[in-house]
Amino acid sequence: MAPSKGWMDLISDCLNDVYSHGVEEFLDYAFKKTGRREKIHCPCVKCSNTYSATREVVGTHLKVYGIVRNYTFWYHHGERVGESESNLESVQQSEDEPSNEMHDILRDLYIEFCGQDTNDMDTDIFAYELLPQGSNLPQSYYDAKKVIQDLSLSYKKIDACVNNCMLYWKEDERLDFCKICGYSRRKTDKYNGEDKVKTNGKRIPKKILRYFPLKPRLQRLFMSIKIASLMRWHKDKRVDDGVMRHPADSMAWISFDKLHPNFASDSRNVRQGLASDGFQPFANSKMPYSVWPLLLIQYNLPPWMCMKQSNFILSMLIPGPEGPRDAIDIYLQPLVEELRELWETGIDTFDAYAQQNFKFHAVLLWTINDFPTYANLSS
Ligand SMILES: [Zn+2]
Ligand SMILES: [Zn+2]
C-alpha cells in the first residue's frame, strides 16, 4: 500500500510538519519498493525524476524545491497499478491545515459525478442532497465570490500612470492623462490613436495597482476566537527570559512602549512590519516582468505564527515590468492613509475572544527589505 499523498498538496508550505512527514514516508516507501540502496530518482521540481540522488539529497530537494505536484502515481518509485493508497492523512493532519476529507467523502458517495468539475459537483450535491431545504449555500462560484466581496475581503483596482508618476484616485480618479508626464491613462490603438476597449466596452488602463484594504483585514483577525486570543500573545504569554525569540524581546519594541504608553496599554493594538521585494512570477521566463507585492506581518502573534505565510496580510500588488523604485511612495499612498487613520483615530471592532466591542490602533514598526528597496522606501 502506498503512503497517503495528501501532503503533496502542501507544496506551497514545504516547512510544514505534515509535508515533512509525508516526505519521510515517501522516502521509506521508495527505497523499500525499488530495492535500491544508494540512489533513487528525485521527484523534486528541479530534477523532475530525471536525476537520481541519495536519500539525504532527495529529502532536502523535496523540502527546498517541493515535489512535482502532478507526480501522483509514483511509478519511478515502485508504485504499480492497482495498489491502494493509505488514508491515514486525516489523522496526521494538524488542525491548522485545510483538509480535503469532505471532498473525498463526496467523491466516494457520488462516484457518477466524478468526471464533472469538482467545485460545482460539491455545491450541487450539498445544496440538493445533503443540506436541508431552504439552505443558503451559494449556488455557483460567482455567488460565492459575491459573498467574499460582501465580507469586504476583496481588493480595489487603482489605475496608475505607466511611468509611475501618479495614481488615478481621489480627486484625480477621473483624469484621462497623467498630470505630470501627460501620458495617456489607457491603452490606445497605435493606428487610430483611440482608446482600446474590451468586449464589455470598458477601456483598458496601462497599469493597475491592486490594493487590499487593511482595516477589514485587521478587524477579521479579531473575529476568530483563536486568533483574537493570540493577538495578545506578545504580552500575556511571552516568557521574558532574556533570549531574543520575537521582536517583542528587542530594544526597539521596549523603547516604543516607553514612548507610547497609551498604545502599549492595550496588548491588542496591532504592531506590524512591512515587507517588500520584487519577484518574478514565471521563474524561468526571460521576460523582465516582475510583480512587487507588499506584505504586512502581524507581530502581536507568537513567533511560530507571525512568520507563517497564511498569517501575512497582502497589502498591494504593484505591477511591473520594472520595479517602482523611488515611485514606491506613489503606490504607498492608500496604505499610508489607512495606517495614519489606524494610528491616530483607531477603529471599532468586535473581539470574539473577550466578547466585547473595542477600539484598536495599529502601528507600522519597521520594514523588511533588501538595501536597494530600503533606499527607495526611505526616500
Ligand atoms: Zn531534486
Ligand atoms: Zn506620468
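Only a predicted model underlies this, so the values are computations on that prediction, with no experimental measurement involved. Both ligands and their constituent atoms are indexed starting at 1 by order of listing. We count residues from 1, following the sequence as given.
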Would you call [X]-[Y] a salt bridge at under 4.0 Å N-O?
X      : Y      : value
Glu194 : Arg186 : no
Asp257 : Arg271 : yes
Glu341 : Lys215 : yes

- For the Zn ion (ligand 2), how many protein N, O or S atoms come closer than 2.8 Å? 4

Do any N or O atoms from the side chain of [X] and from the backbone of [Y] form a donor-acceptor pair under 3.5 angstrom?
X      : Y      : result
His41  : Ser52  : no
Thr188 : Ser184 : no
Glu337 : Pro334 : no
Glu338 : Leu214 : yes

- Query: Under a single-linkage definition using a 4.5 Å side-chain heavy-atom cutoff for Ile, Leu, Val, Met, Phe, Trp and Tyr, are Trp304 and Met231 assigned to the same hydrophobic cluster?
  - Reply: yes

- Here the Zn ion (ligand 1) sees protein N, O or S atoms within less than 2.8 Å, and their number is 4

- Task: Let me know which of Asp172, Asp159, Asp195, Asp176 forms a salt bridge (Lys or Arg N to Asp or Glu O under 4.0 Å) with Arg185.
- Result: Asp159

